[in-house]
A.B. asks: 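This is the structure I have questions about; it appears just below.
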Amino acid sequence: MAPKLLPPKQLQNLRFFITRSLHTSSSSSPSPSSSSISTAAAVSPLNLAEKPEPAFQKPLTAIKDHAKPSSILDFHDHQKLFSNLPSTKLLHASLNIYLASISPMVDFGMWVMNSRLMETDNILRAAMIKIVRHTFFEHFCAGEDVVEAGRCIKKVNESGLRGMLVFAVEYTGDNDACDQNLKGFLDTVQSAMSLPPSSVRFQFSLILALFNPSTSVSKLCPVRLHLLMVYAIDQIEHTSYKSTSFLRFYGPGILGLALVYPTKFLLSFFDVVRKKTTQMLSANFIIFVYLHQVSSVVVKITAICPSSLLERVSDLLRWQQRYPSFNLPWKQNSFPLFSDSSPLYHTLKKPEPLTPQEEQDLQLGQERLWKLCEKSVQANIPLTVDAEKTAIQPAIDYLTYSAAIKYNKDDNPIVYGTIQAYLKDAKERLLLATKAADKMRVPMGFKVVRGAYMSSESKLASALGYDSPIHNSIQETHACYNDCASFMLEKIANSSDAVILATHNVESGRLAATKALDLGIGKGTPKLEFAQLYGMSDALSFGLSKAGFLVSKYMPYGPVEKVIPYLLRRAEENRGLLSTSSIDKELMRKELKRRLKAAIF
């Protein structure tokens with residue numbers, strides 16, 4: 001007879017009741033320490049008592065009385081960091097990063113690629129495309145098609161990382177092009193499904209001597225622990241994370257169990273038990289988790305819905321924000337799109353309603369997104385919607401949140417939104433969206449980034465006579481990013497939400513890793529992923545991976561001609577980062593020097 005499935009609300013109460021009993025008994029019944037649990041014991045236990053709504057009052061920058069960030073990420077051992085990279089790849093990466101950090105070279109390249117010569121001079125065009133293909137394209141992109149991208153993903157996976165795969169097209173102007181792009185995104189999900197899973201091994205130490213009446217553990221109401229374990233196993237049936245788990249019970253009444261079940265919820269369950277029984281551990285629990293090599297597929301709404309239509313929809317949404325009585329008959333259920341501080345200067349006069357053709361085109365765009373969501377649900381691979389310029393971001397958020405309400409079910413967030421922390425209203429919008437999702441019982445995932453359109457955003461606001469929507473200083477942007485990261489870490493520690501922390505900032509990575517451990521968020525949990533662009537910040541990526549966290553690379557692919565706009569935008573956005581960040585260049589130089597000495601001597 002199948003075990004009875006407990007509703008999530010009862011589970012929350014049960015978890016608190018169980019862990020409260022464990023805490024009480026462990027304090028009164030100490031057990032011998034074990035060297036195998038020293039790492040686990042160093043992590044402070046989760047407080048499963050009822051907590052207020054996470055807020056921004058405790059930013060990452062205010063972490064105190066915990067392990068120093070430098071103890072979590074180690075950048076001193078460059079040999080260990082780059083141990084999985086062959087020398088040719090390391091040399092190629094080092095040269096490309098050096099070239100990309102030279103501003104005059106970037107300026108000249110952007111001028112040539114944007115000039116009319118590329119349209120009229122076929123010889124120059126062919127030469128430039130060849131140069132781009134063998135330099136920046138090979139360094140920052142995963143290939144020209146899904147086959148090449150799959151091979152690149154496998155290589156990245158061999159180095160201990162995963163991939164966020166993106167078909168790098170954007171800014172389409174008609175429905176035919178949108179349909180073609182949708183096919184490319186669907187092929188991307190299919191390719192991600194076809195890749196063999198990668199295994200990650202976790203070893204915990206814990207005691208589950210539920211059937212041994214002579215142990216102090218039996219006094220901790222083993223029935224409650226058993227019910228919780230049964231719920232965990234039964235609840236996660238619908239996921240596609242596969243694992244083989246072995247529980248060994250020692251002493252009188254030995255019980256051996258071999259379980260082959262998905263692990264998304266199981267990881268969280270045993271993490272709770274591990275932390276609450278660190279004084280009574282006497283057995284090993286080993287999990288082999290099989291995760292997708294692709295952590296998520298990324299889509300740009302501008303690739304599957306015409307940009308001009310997104311501008312029209314955004315204007316109408318902004319006008320409704322100003323005048324709530326303004327009726328939008330096509331609008332479906334969503335989360336809040338604006339805060340009180342959100343910029344509305346893009347829409348200075350009342351926009352005309354959508355024409356019947358525009359409404360039809362909007363429906364087509366939404367249906368394309370739904371098809372992609374359905375494919376992602378089938379693959380159980382998250383779909384991350386990229387953020388874009390503020391002129392069209394309200395429409396993008398509207399489509400994203402509507403899709404999340406429709407497809408994020410059973411504590412399994414499939415659709416992820418993106419928050420750009422360089423915007424002044426980022427924290428407020430994140431808080432409003434998560435509160436609305438909680439109220440509607442929709443599990444939500446967010447990718448937190450700093451932002452990608454700083455120059456164009458500031459120019460547009462200045463031209464219209466308004467203050468920039470971007471923070472006034474880089475320090476304010478860093479603080480906002482760290483606050484948003486802290487808030488989302490608090491959320492995922494106590495809910496089924498998930499977060500991707502996309503950052504090239506070493507300090508933000510250290511602080512987030514410290515905060516995650518402080519909250520008891522287990523290393524390797526799919527609810528937390530760090531991410532960096534493919535070809536950038538490899539030291540941070542490998543450092544976080546070596547520390548035990550899941551790390552992905554944002555990996556665009558597509559024909560060189562189609563990817564050139566992406567490369568130009570990245571060159572413009574990241575010129576400052578590439579020219580001022582020296583950690584990758586310095587560590588690569590040291591490792592290349594070490595390998596050269598080893599080869600000679």
Side-chain angles (χ1 to χ4, degrees), residues 73-75 77-97 137-166 188-203 240-244 263 286-298 379 381-382 500 502 504 509 523-526 528-557 584 587-588 590-592 594-595 598-599:
L73 301 184
D74 181 12
F75 297 111
D77 191 349
H78 49 83
Q79 181 178 357
K80 181 180 178 181
L81 282 175
F82 298 112
S83 60
N84 293 318
L85 283 185
S87 297
T88 52
K89 175 70 175 177
L90 192 62
L91 179 61
H92 189 262
S94 181
L95 289 173
N96 277 310
I97 289 177
F137 180 85
E138 288 185 357
H139 183 72
F140 293 108
C141 299
E144 294 199 57
D145 54 39
V146 290
V147 176
E148 291 183 5
R151 287 198 292 262
C152 189
I153 287 281
K154 289 179 181 178
K155 291 179 181 178
V156 167
N157 190 251
E158 288 170 0
S159 65
L161 309 178
R162 299 202 294 168
M164 298 176 66
L165 200 53
V166 51
T188 302
V189 180
Q190 183 63 43
S191 175
M193 288 175 62
S194 66
L195 292 172
S198 59
S199 63
V200 183
R201 182 180 186 273
F202 302 96
Q203 180 167 346
S240 67
Y241 296 102
K242 303 295 182 184
S243 75
T244 301
T263 61
I286 300 175
I287 282 184
F288 292 91
V289 186
Y290 294 92
L291 300 172
H292 289 296
Q293 293 188 40
V294 175
S295 60
S296 67
V297 169
V298 183
I381 296 176
I500 300 170
H504 299 111
K523 295 180 180 180
T525 174
L528 170 61
E529 188 103 18
F530 289 91
Q532 290 78 42
L533 292 173
Y534 181 63
M536 290 180 60
S537 299
D538 285 346
L540 178 58
S541 299
F542 290 128
L544 287 163
S545 178
K546 300 292 185 184
F549 294 97
L550 293 180
V551 182
S552 286
K553 286 294 194 178
Y554 184 99
M555 304 179 70
Y557 80 93
D584 267 7
L587 291 173
M588 286 180 177
K590 288 182 177 179
E591 177 58 15
L592 286 169
R594 185 199 66 79
R595 293 185 186 187

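Worth saying up front: this structure is predicted, and the values here are computed from it rather than measured.
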A.B. asks: Find the distance between CG (D145) and CD (E148) and round it off to the nearest 0.5 Å.
C.D. replies: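 So the CG of D145 and the CD of E148 are separated by 4.5 Å.
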
A.B. asks: Are any of the side-chain heavy atoms of E144 and F137 separated by less than 4.5 Å?
C.D. replies: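 Yes, their side chains come closer than 4.5 Å.
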
A.B. asks: For a quick test of reading the model, state the closest non-hydrogen atom pair linking G535 to H139 and the distance between them.
C.D. replies: O-NE2, 2.6 Å

A.B. asks: Quick one: pull up CZ in R162 and CG in N157 and give me the separation to the nearest 0.5 Å.
C.D. replies: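 Output value for this atom pair is 8.5 Å.
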
A.B. asks: From Q293 CD over to S552 OG, what is the distance, rounded to the nearest 0.5 angstrom?
C.D. replies: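 Interatomic distance, Q293 CD to S552 OG, rounded to 0.5 Å: 11.0 Å.
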
A.B. asks: Once rounded to the nearest 0.5 Å, what's the spacing between atom NZ of K155 and atom CG of L161?
C.D. replies: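 That separation rounds to 14.5 Å.
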
A.B. asks: Do you know the tightest heavy-atom contact between I381 and A192?
C.D. replies: CD1-CB, 3.5 Å

A.B. asks: Calculate, to the nearest 0.5 Å, the distance between atoms OG and OH belonging to S296 and Y554 respectively.
C.D. replies: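 Here the interatomic distance stands at 9.5 Å.
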
A.B. asks: Check L528 against L550 and note the closest heavy-atom contact, atom names and distance.
C.D. replies: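 Taking every non-hydrogen atom into account, O-CB, 3.9 Å.
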
A.B. asks: Between A142 and Y557, which heavy-atom pair has the shortest distance, and what is it?
C.D. replies: CB-CB, 4.3 Å

A.B. asks: Could you check if a side-chain atom of D538 sits within less than 4.5 angstrom of a side-chain atom of K553, using non-hydrogen atoms only?
C.D. replies: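 In contact.
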
A.B. asks: For the pair K154 and E158, evaluate salt bridge (charged side-chain N to carboxylate O under 4.0 Å, His left out) and give the outcome as yes or no after the intermediate values.
C.D. replies: CA-CA 6 Å; K154 289 179 181 178; E158 288 170 0; over 6 Å; no

A.B. asks: Indicate yes or no: at least one non-hydrogen side-chain atom of M164 is less than 4.5 angstrom from one of I500.
C.D. replies: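 A side-chain contact under 4.5 Å exists here.
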
A.B. asks: With heavy-atom distances below 4.5 Å as the criterion, would you say the side chains of T188 and V166 are in contact?
C.D. replies: no

A.B. asks: At their closest point, which heavy atom of C152 faces which heavy atom of M555, and how far apart are they?
C.D. replies: SG-CE, 3.3 Å

A.B. asks: Any idea which heavy atoms bring G163 and I153 closest together, and the distance?
C.D. replies: CA-CD1, 3.7 Å

